[in-house]
K.L.:
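My questions will all concern the structure given below.
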Amino acid sequence: MESLRICERSEVAEHKSLQSCWVIIDQIVYDLTSFVEFHPGGSRIILQYGGRDATQAFKVIHSSDTLQKYIKIEDIVGKVDTPTPIPKMSVKTPETKESNGEISSPSPTPKLRLRSILNMSDFEVAASQRLSPKAFAFFKAGAEDEKTEQWNRNSWQIARFRPRILRPVESIDLSTTILGTKVSVPFFIGPAGGGKLAHPAGEVLMTKAAAKNGVLHWVCNMAGCTQEEMASARAPNQNTYWQIYAKANLEVTEKEIKRAIELGYKGFALTVDAIRAGKRERDLRMEAAEYEASHSDQPEDGEDDTPATGGISAQRGAVISSFDWDSAITWLRGLTDLPIAIKGIQCWEDAALCMKYGVHPWLSNHGGRQLEGAPSAIETLIEIRQNAPEVFDKCEVIVDGGIMRGSDVVKAIALGAKGVAIGRAFLYSLAFGETGVSKAIQILRAEMETTMALLGVIRIEDLNPSFVAIRDSAVWSRL
């Protein structure tokens with residue numbers, strides 16, 4: 001980098017259009033013109049920082065090795081000689097009052113402190129108070145009207161418990177195994193990106209909390225920390241798994257998988273429900289508001305009028321869209337014989353195909369962030385039990401989406417799931433650092449223990465469908 005030419009900031013500022021777009025990241029000037037229209041989160045995100053310093057916005061979303069993976073040497077224009085200073089901001093709210101030259105502000109709503117957190121929903125409230133609006137939108141956003149994201153939570157209520165009484169319950173054993181890894185509980189920290197938006201240290205704190213509590217961490221492909229950083233955060237004898245997005249350039253993904261194996265990751269999940277990015281309007285609106293604020297003094301003529309797609313929470317390189325079952329599994333099995341889950345299964349027929357191909361079905365609609373109207377995991381669980389119950393005998397079924405209580409985890413296990421992934425809620429808890437993630441684990445563990453005691457069950461392996469009943473009329477009519 002020493003031989004790079006010095007660029008004047010005034011020169012960089014001239015390149016802020018679709019025809020010529022330069023950005024500064026860590027004092028290096030990149031020409032992203034050829035990349036703008038292919039950016040997964042839409043061109044507006046890059047154009048917002050066209051001709052400007054994008055360092056802070058880039059670092060909270062992307063891991064430190066992202067540029068090395070995706071930017072060509074010829075796209076490096078030069079460097080600027082000084083970093084961009086971070087401006088100090090002073091914001092006056094509409095309620096601020098001035099009297100005799102003095103400014104007085106109303107008392108802010110008290111933020112929830114960690115000791116006051118009682119459940120996973122409290123972590124969401126606390127995150128909305130502690131994180132920037134942009135960061136919270138990144139985590140919270142669902143597809144379109146976000147009805148599927150909300151249904152994910154509500155759907156667990158279609159299952160009601162059938163407790164058994166007068167059964168000795170002296171202690172509860174929540175331990176189990178997930179794809180060969182011994183864990184203290186059947187729920188785990190699922191792959192959900194953007195950890196550095198919640199805490200500067202990012203997802204490594206999740207790995208550390210998982211180790212202290214005997215919980216599996218399935219690391220997100222879009223983590224703000226690198227594969228190496230996440231592996232280095234592991235405790236001795238701790239297993240972590242890796243999430244795969246099969247990029248359009250498969251060579252990049254193959255190197256990533258091989259490196260994960262070298263670093264000791266013990267299992268994989270191929271995410272298959274994101275061949276296109278869902279339209280996440282919550283963070284699209286946040287992005288639009290930022291763009292308007294930074295371009296308020298410019299005329300509208302010549303602005304990009306293409307429909308908004310994706311959003312900041314959908315930023316990732318283009319994924320391959322030509323895979324079918326044969327080619328995808330053959331490709332993966334040519335790289336590893338470690339356990340593989342297929343993440344994004346949303347019907348019983350595809351769960352049965354997982355069984356056929358010797359992989360494990362992960363029932364997920366991507367947290368309601370991809371297809372509005374997609375089924376929740378519990379609906380797919382019930383479909384499998386109705387139409388292909390042998391899947392539960394030959395595969396380990398994983399579920400995610402809307403799990404907010406230990407009782408939801410118990411329902412999932414009773415209906416046949418082997419592991420339950422929780423993503424957003426742990427990201428919210430990360431706003432309190434490693435201690436917050438540990439507390440979230442402990443809350444869910446305690447809720448599970450209470451639920452199982454009141455059901456009359458003392459071991460995970462003793463849970464079965466006899467302990468739940470499906471009371472929702474639409475689903476009940478199909479049983």
K.L.:
Between E203 and G195, is there a donor-acceptor pair closer than 3.5 Å when you use the side chain of the first and the backbone of the second?
P.N.:
yes
K.L.:
Please give me the minimum heavy-atom distance between A469 and R162, naming the atom from each residue.
P.N.:
CB-CD, 3.9 Å
K.L.:
Going by the side-chain contact (heavy atoms from CB on, under 4.5 Å) test, name the single residue among V219, V204, T207 that passes it with R234.
P.N.:
T207
K.L.:
For residues K111 and R130, report the shortest heavy-atom separation together with the two atoms involved.
P.N.:
CD-CG, 4.2 Å
K.L.:
For R153, is there an ion pair with E124 - N to carboxylate O distance below 4.0 angstrom?
P.N.:
yes
K.L.:
First locate atom CZ of R424, then atom CG of L430, and finally report the distance between them rounded to the nearest 0.5 Å.
P.N.:
15.5 Å
K.L.:
Quick one: closest heavy-atom pair of F188 and G419, and the distance?
P.N.:
CE2-C, 4.1 Å
K.L.:
For atom CD of E390, decide whether the heavy atoms of other residues, nucleotides or ligands shown that lie under 6.0 angstrom number more than 12.
P.N.:
yes
K.L.:
Shortest non-hydrogen contact from S327 to S322?
P.N.:
OG-O, 4.4 Å
K.L.:
So does N152 get a backbone contact from the side chain of S155, meaning a donor-acceptor N/O pair under 3.5 Å?
P.N.:
yes
K.L.:
Taking E228's backbone N and O only, do any of them form a donor-acceptor pair with S232's side chain (distance below 3.5 Å, no angle check)?
P.N.:
yes
K.L.:
Under 3.5 Å, which donor-acceptor pairs link side chains of residues 343-361 to any protein atom two or more places apart or in another chain?
P.N.:
unit_1 : atom_1 : unit_2 : atom_2 : d
Q346   : NE2    : G344   : O      : 3.1
Y357   : OH     : D326   : OD1    : 2.5
H360   : ND1    : E396   : N      : 3.0

K.L.:
I'd like to know if the side chain of N464 reaches the main chain of D462, judged simply by a donor and an acceptor atom lying under 3.5 Å from each other, with no hydrogens or angles considered.
P.N.:
yes
K.L.:
Does atom NZ of K439 have more than 12 heavy-atom neighbours, drawn from other residues, nucleotides or ligands, at distances under 6.0 Å?
P.N.:
yes
K.L.:
Using modelled atom types only, decide if a donor and an acceptor are shared between the side chain of K411 and the backbone of A159 within a distance under 3.5 Å.
P.N.:
yes
K.L.:
Thinking salt bridges, do R285 and E281 make one under a 4.0 Å N-O criterion?
P.N.:
yes
K.L.:
Quick check: does any side chain N or O of N119 sit under 3.5 Å from a backbone N or O of D122, one acting as donor and the other as acceptor?
P.N.:
yes
K.L.:
With a 4.5 Å limit on heavy-atom distance, are the side chains of V437 and L205 in contact?
P.N.:
no
K.L.:
Would you check if the side chain of T380 reaches a backbone N or O of S364 as a donor-acceptor pair within less than 3.5 Å?
P.N.:
no
K.L.:
For E372 and T148, indicate whether the former's side chain and the latter's backbone hold a donor-acceptor pair under 3.5 Å.
P.N.:
yes
K.L.:
Which side-chain hydrogen bond (donor to acceptor under 3.5 Å, both in side chains) pairs, counting each pair once, include a residue from residues 178-192, with sequence neighbours left out?
P.N.:
T181-N239, T181-Y241, S184-R445
K.L.:
Using only atom types and a distance under 3.5 Å, with no angle test, would you say the side chain of R369 pairs donor to acceptor with the backbone of R280?
P.N.:
no
K.L.:
Check this for me, if you would: do E149 and K140 make a salt bridge, where the nitrogen-to-carboxylate-oxygen distance has to be below 4.0 angstrom?
P.N.:
yes
K.L.:
Does the side chain of T176 come within less than 4.5 Å of I413's, by heavy atoms?
P.N.:
no
K.L.:
Please collect all salt bridge (Lys or Arg N to Asp or Glu O under 4.0 Å) contacts where either partner lies in residues 112-121, sequence neighbours excluded, each pair once.
P.N.:
none
K.L.:
Quick one: does V185's side chain get under 4.5 Å of V215's, heavy atoms only?
P.N.:
yes
K.L.:
In Å, rounded to the nearest 0.5 Å, how long is the span from CZ of R405 to OG of S121?
P.N.:
6.5 Å
K.L.:
Angle class for the F123/F432 ring planes (parallel below 30°, perpendicular above 60°, tilted otherwise)?
P.N.:
perpendicular
K.L.:
Locate the shortest heavy-atom distance separating G194 from F138; write the atom from each residue and the value.
P.N.:
CA-CE2, 3.8 Å
K.L.:
Using atom types as modelled and distance alone, determine if a side-chain donor or acceptor of N221 lies under 3.5 Å from a backbone N or O of Q243.
P.N.:
yes
K.L.:
If every non-hydrogen atom of G401 is compared with every non-hydrogen atom of W156, which pair is closest and at what distance?
P.N.:
O-NE1, 3.0 Å
K.L.:
Does L263 reach the side chain of M230, with side-chain heavy atoms less than 4.5 Å apart?
P.N.:
no
